[in-house]
Structures are given as C-alpha cells and as structure tokens.
There are 2 protein chains.
Amino acid sequence: MFKVSRKSEYALIAIQHLARRARDGVTSVAELAQAENIPPDILAKVLQGLKRAGLLTAAKGAGGGYRLSRPVKEIHFLEVVRPFEEQLCVVSCQNDHGGCERGGDCTLRDPMTVLNAYMLRQFADLTMDMFLSPHKLLHGTHMDVAIGETSLGRLTSTAHPAD
Amino acid sequence: MFKVSRKSEYALIAIQHLARRARDGVTSVAELAQAENIPPDILAKVLQGLKRAGLLTAAKGAGGGYRLSRPVKEIHFLEVVRPFEEQLCVVSCQNDHGGCERGGDCTLRDPMTVLNAYMLRQFADLTMDMFLSPHKLLHGTHMDVAIGETSLGRLTSTAHPAD
DNA sequence: TGAACTCGGACCAAATCGGTCCTGTTTCAA
DNA sequence: TTGAAACAGGACCGATTTGGTCCGAGTTCA
Ligand code: SF4
Ligand code: SF4
C-alpha cells in the first residue's frame with residue numbers, strides 16, 4: 001500500500017548520484033543513466049521533473065547536464081518524490097480534486113484524515129543526506145527508537161539506559 | 001504513494017460497521033452492503049478475505065451472515081488491510097518474491113529497508129477501535145506528539161517541559 | 001423442499017504504469 | 001559558421017493492476 005513509483009526511485013537514485021559527485025561540473029542524462037543502469041529516456045523525464053520542482057539546475061548545449069541546485073541536506077524526501085506521485089494521501093477524499101462520491105457519511109473519513117496528516121509529518125523531516133548513509137537515517141531521526149523498541153510507548157521511559 | 005486500495009477501505013468500513021452492531025446476531029452481506037452503500041458483490045469478496053484472515057466468522061444458511069471473531073480492540077489495522085494489499089512495502093525489493101533486477105549495487109536499497117521497517121512499525125500498533133473514534137486515534141497513540149510538534153526531534157528532549 | 005445465505009472462480013473494462021520513440025530547441029565548441 | 005551535444009516535451013504502446021460484475025456451487029435453517 002505504500003510503494004513508491006519507479007520514477008520516484010529513479011529520482012531518489014539520481015539525487016544520490018549527483019550528491020556524491022559534488023564536483024563543480026554537471027552530469028548529463030546519458031552519463032547518469034549508464035552509471036546507474038537506468039533507461040535513459042525515462043531518466044530524462046525524471047530529471048526534467050526534478051528540475052521543474054526546483055531541485056536541479058539544467059545546463060543546455062554541449063558539455064551540459066544537471067546539477068543539484070541546493071545542498072543535499074536541504075532537499076527533502078517529499079520534494080523528490082512529489083512530482084512523480086500524483087497523490088500523497090491514504091484515501092482519495094484527502095486529495096483536493098474531487099475526492100469520493102460518499103461525502104460526509106463516510107465513517108472512515110475522519111480517522112483517515114488523522115492518519116494522513118500523521119504520515120505526511122513523518123516524511124516531512126526526512127532529508128536526502130540521510131539516504132546517503134543509512135546510519136544517518138537510523139540515528140539522525142527518531143527512527144532508531146521506533147525500530148529498536150517493541151512499541152513507541154516505551155519511548156517515554158527510554159531516558160535511562162539501564163542494562 | 002501510500003493510498004490504500006478500495007477493497008481495503010471497504011474492509012475497514014465493514015469492520016467498523018460490525019463493531020458498532022455488537023449485537024449477538026450476525027449481519028449478512030446484503031444488509032451490510034445496503035447500509036454502507038457498497039457494491040454487494042465486491043463486498044462479498046472483501047468479507048470472504050477477512051474471514052480467511054481469521055477476523056470474521058461466517059454463519060452459512062438462511063439467517064446467516066458475518067460476525068467479528070474478536071473484540072475490535074484486538075484487531076489490528078494491518079490485519080484488516082493485508083489481504084487486499086499485495087505488497088506492504090516501500091520498494092519492490094523488500095517483497096519476498098523476486099524483487100528487483102538490480103541486486104546489491106542499488107544505493108537505494110538500504111535506506112529503503114530502514115524506511116520500510118519504520119513504517120510497518122508505525123502501523124503495527126494501530127487497532128481498529130481507534131478508528132471508531134478519531135479522538136482515540138489522536139490521543140491513544142504517539143500520534144498526538146507527532147502531529148502536535150514541529151519535529152519529532154524535540155521528542156527526545158521533551159522530558160523537561162521547560163519553555 | 002426451498003429460500004436465504006456463504007463460497008469462490010471466471011470474466012471484463014478502465015485506469016495506471018513503465019517504457020519507447022520522435023521531433024524540437026538551446027547552447028557550446030571546433 | 002556550422003554542427004554535435006545536450007535538454008525539453010509530446011505521442012504512443014504494451015503489460016499490469018484495479019474495481020467491478022456475473023454466475024454456479026455448496027450449506028443451513030424454516
Ligand atoms: S470518503 Fe470514505 S470511502 Fe471515500 S475516499 Fe474518503 S475514506 Fe474512502
Ligand atoms: S533494488 Fe533498488 S531499484 Fe530495485 S526495488 Fe529495491 S530500491 Fe528499488
């Protein structure tokens with residue numbers, strides 16, 4: 001239920017790649033596609049999308065290519081993914097355009113609204129530098145405790161690292 | 001990217017409905033379909049799936065129908081949804097069967113594994129009684145702090161409520 | 001017996017998705 | 001000046017998934 005689209009994966013990989021090569025130059029689509037083993041045509045679309053989102057800067061002409069327009073630490077996960085995920089919501093009715101035919105009498109709507117807000121908040125804090133080293137992803141956020149413990153309820157009493 | 005399927009929504013609604021009518025009797029598909037305005041045929045499939053998952057008990061024959069086989073507080077969100085979501089993972093490679101062609105050299109795999117584990121943990125604690133009153137969903141779990149604060153990073157230093 | 005149920009496979013149309021192709025347009029460099 | 005290199009983006013296509021329908025078979029109670 002929460003699988004990201006293939007384009008989103010390509011986008012994340014591309015950001016990773018460009019972040020690692022923090023050289024002053026730019027990287028072309030063909031170059032990046034070959035290095036990461038991604039179909040060039042579709043990667044072109046993905047990079048276009050990222051550029052439109054303001055994450056990349058394009059240099060046309062010979063010797064051109066793409067470049068991160070921001071330090072990787074300031075690029076958020078949701079920004080990278082959003083251009084390729086038409087709806088970032090748990091249920092259709094959360095989306096702006098239209099929604100669902102069953103309007104107010106849906107008993108699922110309110111709980112789902114809460115869930116939706118919760119999930120977006122979880123992802124809002126993720127920055128792409130965490131994806132360069134899973135270590136950061138684990139310990140740079142609250143995820144360490146979330147994964148390590150059986151329940152977040154214990155988090156409140158985690159202050160003491162007794163045995 | 002994390003929208004649940006329509007069948008899952010029907011399943012959640014059905015559980016809600018059956019939980020509210022905690023009468024000793026059973027509810028037939030037709031009855032439930034009409035009450036909740038769901039296509040009867042597809043609702044039948046959904047209830048079958050829930051029964052196979054052990055959440056419902058079926059009574060065949062005239063006057064038959066479905067009944068919750070457990071108190072609603074002991075039914076978890078993931079249990080309800082799982083029969084209708086083929087993959088509960090962020091990326092294909094997390095799934096058991098097959099996965100992705102790009103094996104170990106994918107720089108996205110490790111971070112995604114962490115994300116996946118994190119998300120599953122978040123949902124693991126949700127029980128269906130929370131869906132009956134959004135109030136519970138907000139305050140019965142850690143979601144209150146998650147939604148209320150600007151970042152969960154503050155959670156670790158929340159022990160002292162000093163301004 | 002027969003009506004009211006559950007059970008479950010077969011089937012279908014629409015939407016989505018991943019991917020390809022093909023035609024501009026811009027820019028730099030020989 | 002010329003042309004190759006690169007981005008820009010629309011059109012298209014096949015495979016998969018999804019939501020939904022239909023129908024026949026078993027089961028139980030009145
Ligand atoms: S109104 Fe109810 S059925 Fe419709 S999309 Fe929202 S939660 Fe789902
Ligand atoms: S291996 Fe990489 S590209 Fe393949 S599904 Fe996993 S994260 Fe995505």
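Side chains are part of it too, since the values below use all heavy atoms of this structure and drop only hydrogens, waters and symmetry mates. Not measured: the values here are computed from a predicted model.
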Note, Tyr118(B) side chain near Arg121(B) side chain (heavy atom, < 4.5 Å): no
Most 5' of Gly64(A) and Gln48(A) on DNA chain D, judged by nearest nucleotide: Gly64(A)
Residue pair Gln87(B) / Ser92(B), side-chain donor-acceptor N/O under 3.5 Å: no
Any donor-acceptor pair under 3.5 Å from Glu74(B) side chain to Pro71(B) backbone: no
Would the distance check show the side chain of Glu85(B) and the main-chain N or O of Ser5(B) forming a donor-acceptor pair, the cut-off being under 3.5 Å? yes
Does dG19(C) have OP1 or OP2 sitting under 4.0 Å from an N or O in the side chain of Tyr10(A)? yes
Check: Asp129(A) side chain, Val72(A) main-chain N or O, donor-acceptor pair, under 3.5 Å: no
Spacing between Glu9(A) atom CD and dC17(C) atom P, to the nearest angstrom: 14 Å
Donor-acceptor contact below 3.5 Å, side chain Glu36(A) vs main chain Ala14(A): no
Just N and O in the side chain of Tyr66(A): are any of them under 4.0 Å from OP1 or OP2 of dA8(D)? yes
Mind checking Phe84(B) for me? I need base, sugar-phosphate or nothing, with any heavy atom below 4.0 Å counting as a touch. nothing
Rounded to whole angstroms, how far apart are CD1 on Ile42(A) and P on dC13(D)? 17 Å
Nearest nucleotide by nearest heavy atom, which residue falls closer to the 5' end of DNA chain D, Glu85(B) or Val29(A)? Val29(A)
Within a strict 4.5 Å, meaning less than it, do heavy atoms of the Phe77(A) and Leu115(B) side chains meet? yes
Sugar-phosphate, base or nothing in reach of Ala59(B), heavy atoms under 4.0 Å: sugar-phosphate
Nearest-angstrom distance from the residue atom NZ of Lys51(B) to P of dC5(C): 17 Å
Within this structure, what is the CG-to-C1' distance between Leu56(B) and dC7(C), rounded to whole angstrom? 14 Å
Can you check the Lys7(A) NZ to dG9(D) C1' distance for me, whole Å? 12 Å
Tell me the interatomic distance from Lys3(B), atom NZ, to dT18(D), atom P, rounded to whole angstroms. 10 Å
Ignoring the backbone of Ser5(B), work out which of dG8(C), dG19(D), dA6(D) is nearest its side chain. dG19(D)
Detail all sub-3.5 Å separations between protein N/O atoms and N/O atoms belonging to nucleotides 26-28 of chain C.
| from | atom 1 | to | atom 2 | distance (Å) |
| --- | --- | --- | --- | --- |
| dT27(C) | O2 | Ala62(A) | N | 3.4 |

So, does the side chain of Lys45(B) form a donor-acceptor pair with the base of dT21(D) at under 3.5 Å? yes
Gap between atoms CD1 and C1', on Ile38(B) and dT21(D) respectively (whole Å): 16 Å
In whole Å, I'd like the distance from the CZ atom of Arg6(B) to the C1' atom of dG20(D). 12 Å
Which one, dG8(C), dT20(C), dT6(C), comes nearest to the side chain of Pro39(A)? dT20(C)
